[in-house]
Amino acid sequence: MSNIPKEAIEVIAQSIGITNLSPDVALSLAPDVEYRVQEIMQEAIKCMRHSRRTVLTADDVDSALNLRNVEPICGFASRDALRFKKAAGHKDLFYIDDKDVEFKEVLESPLPKAPLDTSVTSHWLAIEGIQPAIPENASIEAPSDGKKAEYKEDGLSVDVKLPVKHVLSRELQLYFDKIVDVTMNKSVSILFKQALLSLATDSGLHPLVPYFTYFIADEVARNLNNFPLMFALMRVARSLLQNEHLHIEPYLHQLMPSIITCLVAKRLGNKFTDNHWELRNFAAKLVASICKRFGHVYHNLQPRVTRTLLHAFLDPTKTFPQHYGAIQGLAALGPSVV
């Protein structure tokens, strides 16, 4: 039994000039018409899904007809969903409320602008955590101190737009401040271990990556004599690298010098009890893991690291701890490097 009534077949037959279609023929044609319609709609749904849409349009039906080598339907090129209205006095009769268009108005209307050729352009979304104020980037309301600055050059006034600051939510600011405080003052506490676990697993920390890398680089440069802090910073760096949700590749150029410093620095800590050998071993494993993970992205990463370590190893003016760090780094990179 077909869902399409035979009356619909008779109406279609009358519209193309067949007036003497018998009811038996119409009743036999209805199931076949339903089967063909189902085929077309299944193909149209596939086209819709491949287009990553959830609303079926007339273009999807046209694409399905093309796939079946059937001439597409003309006059239904709207990308919006068609709006059907129920006919008054009929229970199951619907129609599309089309707007009448005067042919004269179409001819006299101005031609639309020619579409632009498809092209791909690149621009800086952010540089060191700061979003440049360029037309390609979405406009963000600048802070109160980000007003235009006026300068006088040869008697001419020049307006200079300051870059838009990278805005962080209050929660992320508090999180960053807490991690910094724990790293600087409580690196031997259970709270610091929990902080490292959070850095290695939390999926919402990407806006903080440039701030963490700058914090590590700045503190390593200023606190080479503070062994506990240096070790804590390297553990923070390892946790950031272990987080699969962070896109840390653009910040490796800022992170790598700090790690290599902990590997081949002349002096780490200022106490005899500071186990700087363990810190150098830790940094060597960290450098090797970075080269293994990002070597296919930055092809010159491992050669540059190898040259740096080899230079430290072959320099007779370097101290024994520096030679030790270079040897540990080269060994960690693998037997091929050795």
Side-chain angles (χ1 to χ4, degrees), residues 123-134 136-149 161-262 268-269 279 282-283 285-287 289-290 293-294:
H123 70 276
W124 286 104
L125 181 63
I127 302 175
E128 297 297 334
I130 299 177
Q131 180 178 335
I134 57 178
E136 288 81 2
N137 287 336
S139 59
I140 301 178
E141 185 178 354
S144 58
D145 58 346
K147 298 179 180 179
K148 293 182 180 180
K161 290 184 178 180
L162 298 178
V164 179
K165 292 186 177 180
H166 188 187
V167 181
L168 291 176
S169 65
R170 182 61 179 167
E171 291 78 9
L172 286 177
Q173 293 179 31
L174 291 174
Y175 181 89
F176 177 76
D177 293 339
K178 189 65 177 177
I179 295 294
V180 169
D181 178 64
V182 172
T183 304
M184 297 289 291
N185 304 314
K186 303 175 183 178
S187 58
V188 295
S189 64
I190 299 178
L191 185 61
F192 180 63
K193 295 181 180 180
Q194 294 174 345
L196 293 177
L197 180 62
S198 175
L199 289 172
T201 57
D202 201 320
S203 60
L205 302 182
H206 188 70
L208 292 177
V209 172
Y211 296 94
F212 277 123
T213 53
Y214 178 80
F215 163 68
I216 293 172
D218 186 51
E219 295 300 328
V220 166
R222 293 192 304 175
N223 295 279
L224 287 176
N225 292 329
N226 190 340
F227 173 78
L229 178 58
M230 296 286 287
F231 214 129
L233 292 171
M234 290 301 99
R235 294 175 70 183
V236 170
R238 183 182 65 174
S239 295
L240 292 174
L241 290 166
Q242 288 176 341
N243 195 326
E244 298 178 354
H245 305 286
L246 301 183
H247 184 59
I248 204 168
E249 297 173 19
Y251 307 97
L252 288 178
H253 70 283
Q254 193 174 10
L255 197 59
M256 284 297 291
S258 303
I259 301 174
I260 295 179
T261 297
C262 294
L268 297 172
L279 177 57
F282 187 91
K285 295 178 181 178
L286 200 55
V287 168
S289 66
I290 293 174
R293 179 179 174 186
F294 301 104

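Because the structure is predicted, anything quoted here is derived from the model rather than measured.
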Smallest heavy-atom separation, Ser258 atom then Ala217 atom, equals OG-CA, 3.2 Å

How far apart are the closest heavy atoms of Gly204 and Leu172, and which atoms are they? O-CD2, 3.7 Å

pair Val220-Leu255: side-chain heavy atoms closer than 4.5 Å: no

Relative to the ring of Phe176, is the ring of Phe215 parallel (under 30°), tilted (30 to 60°) or perpendicular (over 60°)? perpendicular

With a 4.5 Å cut-off on side-chain heavy atoms, are Gln254 and Val209 touching? no

Are Tyr214 and Tyr251 an aromatic pair by the rule of ring centers under 6.0 Å? no

Between CG on residue Leu174 and CD on residue Glu171, distance to nearest 0.5 Å: 7.0 Å

Using a 4.5 Å cut-off on heavy atoms from C-beta on, say whether the side chain of Asn223 contacts that of Leu233. no

Under 3.5 Å: donor-acceptor pair, side chain of Asp202, backbone of Ser198: no

Flag the pair Ser189 / Phe192 as yes when at least one side-chain heavy-atom distance between them is below 4.5 Å, and no otherwise. yes

So CZ of Arg235 and OG1 of Thr183: to nearest 0.5 Å the spacing works out to 10.0 Å

Can you tell me how far apart CG (Asp177) and CD (Gln173) are? Round to the nearest 0.5 Å. 7.0 Å

Kindly indicate whether the side chain of Glu219, heavy atoms from C-beta on, has any atom under 4.5 Å from the side chain of Met184. yes

Step by step, work out the side chain to side chain contact (heavy atoms under 4.5 Å, CB included) result for Met230 and Asn225. CA-CA 8 Å; Met230 296 286 287; Asn225 292 329; over 6 Å; no

Where Arg293 and Gln242 come nearest, the two heavy atoms and their spacing: NH1-N, 4.4 Å

Leu199 side chain reached by Phe212 side chain, heavy atoms, under 4.5 Å: yes

Between His245 and Thr201, which heavy-atom pair has the shortest distance, and what is it? CD2-O, 3.5 Å

Can a donor-acceptor pair be found, under 3.5 Å and without considering hydrogens, that links the side chain of His253 to the backbone of Pro250? yes

Evaluate the side-chain proximity of Leu208 to Ile179: yes if any heavy-atom separation is below 4.5 Å, no if none is. no

Does some side-chain heavy atom of Ile248 sit less than 4.5 Å from a side-chain heavy atom of Asn243? no

Could you grab the distance from atom CG of Leu286 to atom CD1 of Ile259, nearest 0.5 Å is fine? 4.0 Å

If I compare all heavy atoms of Leu246 with all of Leu205, which pair ends up nearest, and what's the gap? CD2-C, 3.7 Å

If you look at every heavy atom in Pro210 and Thr213, which pair is closest and at what distance? O-OG1, 2.9 Å

